[in-house]
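Worth saying up front: this structure is predicted, and the values here are computed from it rather than measured. Scope of the values below: all heavy atoms of this structure, side chains included, with no hydrogens, waters or symmetry mates.
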Amino acid sequence: MNQMPSTTTSEWKKMADFGTYHHSTYRGSEKIREKVKIVFTEVLGDLPFARDDKLKILDVGCGLGFLSCLCAEYYPKAKITGIDTFEHASLKGSSLTKAKNNAKILEFSERIKFQKGDVFSSDYSKGKFNLFVSNLVFHNFGRKRFDAYQKLAQWMTPKSYIVLGDVFFDYKTDSRRLASHFSNVEERPGSTIGGAYKVLVMSEPKK
């Protein structure tokens with residue numbers, strides 16, 4: 001397993017502002033992100049990519065860029081695209097300008113591109129990305145999240161992966177839907193951060 005990046009989340013928050021989740025405080029949101037960084041870093045370390053691979057990564061629902069910046073730090077040669085409507089109430093004060101500023105502050109702006117969009121209106125050709133990531137986004141879609149799962153599967157190749165962290169209120173239903181789109185759906189052991197939160201790794205999209 002690869003080691004954690006040297007920059008800690010506490011050091012990040014002195015420089016960048018990744019916002020406050022709804023039903024949470026700023027301090028509570030920072031604690032969540034500290035745990036998320038540990039879990040996602042462990043998962044990225046187990047993927048079949050080298051740290052210096054020139055990956056192309058799509059962050060779905062990037063918010064103010066926390067997960068995009070995490071990926072940029074972990075994969076120093078990767079190019080990351082973050083898409084978001086920057087309007088949803090799930091993250092207070094979200095904006096495209098703030099996301100870009102966070103990437104600039106952490107010196108990732110040359111490798112991270114943020115743009116307005118969402119998984120439903122965006123259209124990425126098959127094979128454009130090696131890795132898809134998302135955190136605390138898909139549960140906000142309600143039943144439309146099932147369409148979002150299908151959309152991601154359509155964008156993938158047999159060699160690409162999805163790392164999805166989210167709150168699964170009806171995990172049995174979600175796992176059945178995911179299994180209809182992906183041959184491999186792995187729930188990470190010990191990935192529960194609280195409540196119904198899980199981190200899943202998906203690969204081998206079904207035709």
Side-chain angles (χ1 to χ4, degrees), residues 1-47 49 51 55 57-76 78 80 82-84 86 88-94 98-99 102-103 105-106 108 112 114 131-141 145 148-149 152 161-171 174-175 178 185-203:
M1 182 180 294
N2 290 299
Q3 295 181 344
M4 283 280 291
S6 59
T7 308
T8 65
T9 308
S10 60
E11 289 173 326
W12 273 17
K13 71 182 180 182
K14 292 177 183 177
M15 301 179 283
D17 181 2
F18 294 110
T20 302
Y21 300 123
H22 64 154
H23 305 308
S24 182
T25 63
Y26 182 79
R27 184 176 179 182
S29 298
E30 285 297 320
K31 288 183 177 180
I32 291 171
R33 282 188 282 267
E34 287 173 0
K35 294 178 180 179
V36 167
K37 185 170 186 179
I38 292 171
V39 172
F40 266 76
T41 300
E42 290 177 348
V43 173
L44 296 180
D46 289 338
L47 295 179
F49 301 124
R51 291 283 295 274
L55 301 178
I57 302 172
L58 179 67
D59 181 1
V60 180
C62 61
L64 291 176
F66 174 74
L67 194 53
S68 295
C69 290
L70 190 159
C71 289
E73 182 180 45
Y74 192 86
Y75 296 111
I80 298 97
I83 60 171
D84 203 302
F86 299 100
H88 200 277
S90 61
L91 186 66
K92 298 175 184 176
S94 182
K98 288 181 180 179
N102 283 335
I105 289 171
L106 296 175
F108 295 136
I112 298 178
F114 293 116
L131 176 62
F132 300 82
V133 297
S134 186
N135 186 57
L136 293 173
V137 174
F138 280 57
H139 72 279
N140 294 308
F141 298 153
R145 69 188 185 278
Y149 297 152
L152 287 183
Y161 287 79
I162 297 174
V163 180
L164 173 65
D166 213 333
V167 179
F168 294 92
F169 297 110
D170 184 7
Y171 183 62
D174 282 83
S175 61
L178 289 167
V185 179
E186 175 191 359
E187 179 184 344
R188 292 289 300 193
S191 67
T192 301
I193 288 177
Y197 183 91
K198 301 178 186 296
V199 173
L200 305 181
V201 179
M202 279 88 77
S203 59

Novice: Search all heavy atoms of I57 against all heavy atoms of C71 and return the closest pair with its distance.
Specialist: CD1-CB, 4.0 Å
Novice: To the nearest 0.5 Å, tell me how far K35 NZ sits from K31 NZ.
Specialist: 8.0 Å
Novice: How would you list, by chain and number, every residue that makes a salt bridge (Lys or Arg N to Asp or Glu O under 4.0 Å) with D166, sequence neighbours excluded?
Specialist: none
Novice: Output all residues satisfying side-chain contact (heavy atoms from CB on, under 4.5 Å) with N135, sequence neighbours left out; order by chain, then residue number.
Specialist: Y21, V36, F40, L67, Y197
Novice: How long is the span from the CG atom in L55 to the OH atom in Y161, to the nearest 0.5 Å?
Specialist: 12.0 Å
Novice: Can you give me the closest heavy-atom contact between L91 and F18, atom names plus distance?
Specialist: CD1-O, 3.7 Å
Novice: Take D46 and R188 through the side-chain contact (heavy atoms from CB on, under 4.5 Å) test and state the conclusion after the steps.
Specialist: CA-CA 11 Å; D46 289 338; R188 292 289 300 193; 2.8 Å; yes
Novice: When rounded to the nearest 0.5 angstrom, what is the spacing between CD1 in I112 and CG in D59?
Specialist: 8.5 Å
Novice: To check you understand the geometry: which heavy-atom pair defines the closest contact between A16 and Y26, and what is its length?
Specialist: O-OH, 4.3 Å
Novice: Before giving the answer on side-chain contact (heavy atoms from CB on, under 4.5 Å), spell out for Y149 and L164 the whole-Å C-alpha distance, their side-chain angles and the decisive distance to 0.1 Å.
Specialist: CA-CA 10 Å; Y149 297 152; L164 173 65; 4.0 Å; yes
Novice: Over all heavy atoms of both residues, which pair between G63 and F86 is shortest? Give the atoms and the distance, please.
Specialist: O-CE2, 3.1 Å
Novice: Of the non-hydrogen atoms in F114 and S68, which two are nearest, and what is the gap between them?
Specialist: CE2-OG, 3.6 Å
Novice: Output the distance between atom CD (E30) and atom OG (S24), rounded to the nearest 0.5 Å.
Specialist: 9.5 Å
Novice: With sequence neighbours left out, write down each residue that passes ring-ring contact (aromatic ring centres under 6.0 Å, His included) with F168, or none if nothing qualifies.
Specialist: Y171
Novice: By side-chain hydrogen bond (donor to acceptor under 3.5 Å, both in side chains), which residues pair with S175, not counting sequence neighbours?
Specialist: none
Novice: Who passes side-chain contact (heavy atoms from CB on, under 4.5 Å) against S90, sequence neighbours left out?
Specialist: H22, H88, N140
Novice: If you take all heavy atoms of G61 and V137, which pair is closest and at what distance?
Specialist: O-CG2, 3.3 Å
Novice: Supply the atom-to-atom distance E73 CD to I80 CD1, rounded to the nearest 0.5 angstrom.
Specialist: 11.0 Å
Novice: Nearest 0.5 angstrom please: I32 CD1 to T25 OG1, how far?
Specialist: 8.5 Å
Novice: Who pairs with V60 by side-chain contact (heavy atoms from CB on, under 4.5 Å), at least two apart in sequence or on another chain?
Specialist: L58, V119, S134, F138, L152
Novice: Judged by atom type as modelled, is there a donor-acceptor pair below 3.5 Å linking the side chain of D17 to the main-chain atoms of N102?
Specialist: no
Novice: Show your reasoning for whether side-chain contact (heavy atoms from CB on, under 4.5 Å) applies to D174 and L200.
Specialist: CA-CA 11 Å; D174 282 83; L200 305 181; over 6 Å; no
